[in-house]
Number of protein chains: 2
Amino acid sequence: MAKAERGPRERMVFSAAQLIRRDGVHSTGMRQVAADAAAPRGSLQHYFPGGKTQLVDEAVGWAGRYAARRVPRFLAALPEPTPSGLFAEMVRQWTDEYEAAGFAGGCPVAAATVECAESVPSTRTAASGAFSTWTGAVAEALTGMGVPEERAGALATLMISSLEGAILLARAEQDVRSLTTVARELGPLLDAAARQEDP
Amino acid sequence: MAKAERGPRERMVFSAAQLIRRDGVHSTGMRQVAADAAAPRGSLQHYFPGGKTQLVDEAVGWAGRYAARRVPRFLAALPEPTPSGLFAEMVRQWTDEYEAAGFAGGCPVAAATVECAESVPSTRTAASGAFSTWTGAVAEALTGMGVPEERAGALATLMISSLEGAILLARAEQDVRSLTTVARELGPLLDAAARQEDP
DNA sequence: CCGCTACTATGACCGCGGTCATAGTCGAGG
DNA sequence: CCTCGACTATGACCGCGGTCATAGTAGCGG
């Protein structure tokens, strides 16, 4: 995969996240993860003595940090930062992928939540943490654009909820329509909240 | 389960949907479905010669029709029908369940999409159909409340996307906060679209 | 050169679960 | 009473996949 030249451990976590995106948690085998990461099978039990659960949990955590890390970069890429612009960038990451590479992958955190929320407590916690770091990053970005503090968290939740749901619809329909729709419909509402507190 | 006194076939479809809600598609076994439906195991291959795939597909279709059927009932329950009121009812169905019975279940269509979109074409199609009948019912309700036709579809997509995403967050966090948040934040936007075309 | 620790390598085990095969029941119609 | 179709019942098969056990290698400090 793309991100070579990291340790085998990190590569396995990364590969796990990628495979979970496509096939879900249960359909992703350990052997498959090792193969995809070009890592020896024996390393699995060495680096992840907690078994598959630990690997999945780390993959989910990694995904959450990855998503959060992208937020400031999206802002930096905008000519002038606005909430609607940020959301459009977040959505565009998905439409770009889907149009370029097909609708193979979803959000790994969503997959982990759907499959493990009830059966594997630690994974549920990991998913919760991933969502909250992601939401936190978005909320922080919003406050930086003039959204009142107490409103920023709510809007971040709304943005991520809509995005996650739109990803689901897009994969099912194999059409980015839902993604572009939520971006278009939510944009004005987001910008209005930023203007609330501006001079 | 609650809806007894239907044919064993329908009971199995219903049970499958319920179990998929909780554990996802892969973690739900055929034997488990039969047991939950109090149906004989041998009936599975009799009524569903297409195997598990057929059962899952039918469960997804059933869930879509169920969700669509509820929309007009929500409207009927409102003192005066408004888009925000409808959305609040849709959300409330989930908050009520979560507060009463815990965060065990999610949306079966979401589970099928996450786990089968890439691997099982027929299930992906079934999920797409389920989302579209659901969205269609919501859009129709919106036009009935004065939302312009070309806007209604987009808002329905936004509503369902937000709801699905908020369900994910709620299950992960074991907190209905995300659900109440999207209902609150989206309400004004929805009602504004309805007033667009009113006298 | 030894031995210790980190990592790699593989084969075996074992439970789970979908599917198939083969009967068994049972009510309706001849 | 017989038969035929619809449905029920169960045991067996078989692949998959996570985990364990048991080695083997490699680098390094002593």
Side-chain angles (χ1 to χ4, degrees), chain A residues 4-60 108 111-112 114-116 118-123 126, chain B residues 4-60 108 111-112 114-116 118-123 126:
Chain A
E5 310 330 322
R6 280 186 166 73
R9 193 182 193 284
E10 191 173 353
R11 284 209 314 277
M12 283 189 277
V13 172
F14 178 78
S15 285
Q18 295 297 103
L19 292 170
I20 289 171
R21 263 168 51 87
R22 231 212 328 272
D23 305 318
V25 173
H26 265 87
S27 301
T28 297
M30 301 282 273
R31 291 162 172 84
Q32 193 185 357
V33 170
D36 186 86
R41 216 190 88 197
S43 298
L44 281 170
Q45 69 183 291
H46 185 256
Y47 289 116
F48 306 96
K52 188 176 187 178
T53 302
Q54 182 184 357
L55 178 58
V56 170
D57 291 358
E58 294 202 21
V60 168
V114 162
E115 294 184 72
C116 308
E118 192 58 15
S119 48
V120 188
S122 72
T123 303
Chain B
E5 309 331 323
R6 281 186 166 73
R9 193 182 195 285
E10 190 173 356
R11 285 209 315 275
M12 283 189 275
V13 172
F14 179 78
S15 285
Q18 294 298 101
L19 292 170
I20 289 171
R21 262 166 54 90
R22 225 206 340 266
D23 304 319
V25 173
H26 268 86
S27 301
T28 297
M30 301 280 275
R31 291 163 171 84
Q32 195 184 354
V33 169
D36 186 86
R41 219 188 87 200
S43 299
L44 281 170
Q45 69 182 290
H46 185 255
Y47 289 117
F48 307 96
K52 188 176 187 178
T53 302
Q54 181 184 357
L55 178 59
V56 171
D57 291 358
E58 294 201 22
V60 168
V114 162
E115 294 184 72
C116 307
E118 193 57 16
S119 49
V120 189
S122 73
T123 303

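Nothing here was measured: the structure is a model prediction, and the numbers come from that model. Letters go in sequence order (proteins before strands), and every chain restarts at 1.
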Asks: Counting any heavy atom closer than 4.0 Å, what does A:T28 reach on the DNA or RNA strands: base, sugar-phosphate only, or nothing?
Replies: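 Sugar-phosphate, backbone atoms only, no base.
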Asks: Rounded at 0.5 Å granularity, tell me how far OG1 in A:T28 sits from CZ in A:R21.
Replies: 11.5 Å
Asks: Only one of B:V60, B:T53, B:D57, B:T123 forms a side-chain contact (heavy atoms from CB on, under 4.5 Å) with B:C116, so which one is it?
Replies: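 By the side-chain contact (heavy atoms from CB on, under 4.5 Å) criterion, B:C116 pairs with just one of B:V60, B:T53, B:D57, B:T123: B:T123.
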Asks: Using whole Å, report how far CE of B:M30 lies from C1' of C:dC20.
Replies: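 The answer, rounded to whole Å, is 12 Å.
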Asks: Roughly, in whole Å, what's the span from CZ in B:R31 to P in D:dG11?
Replies: 11 Å
Asks: Just how far is it from atom CD of A:Q54 to atom CG of A:L44, taken to the nearest 0.5 Å?
Replies: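 Answer for the CD-CG pair, A:Q54 versus A:L44, is 10.5 Å.
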Asks: To the nearest Å, how far apart are A:L55 CG and D:dG18 P?
Replies: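 Distance, rounded to whole Å: 10 Å.
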Asks: What is the separation between atom CD on A:Q32 and atom C1' on D:dG15, rounded to the nearest whole Å?
Replies: 15 Å
Asks: Would you compute the distance between atom CD of B:E115 and atom NE2 of A:H26 and round it to the nearest 0.5 angstrom?
Replies: 8.0 Å
Asks: Let me know the distance between NZ of B:K52 and C1' of C:dC16, rounded to the nearest Å.
Replies: 11 Å
Asks: Does any N or O in the side chain of A:R11 come within less than 3.5 Å of the main-chain N or O of A:A38, such that one atom is a donor and the other an acceptor?
Replies: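 Pair found, side chain donor or acceptor close to backbone of A:A38.
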Asks: Between D:dG15 atom C1' and B:H26 atom NE2, what is the distance in whole Å?
Replies: 13 Å
Asks: Which residues in residues 41-51 of chain A have a heavy atom closer than 4.0 Å to any atom of DNA chain D?
Replies: A:R41, A:Q45, A:G51
Asks: Considering residues at least two apart in sequence or located in another chain, which fulfil the salt bridge (charged side-chain N to carboxylate O under 4.0 Å, His left out) criterion with B:E58?
Replies: B:R9
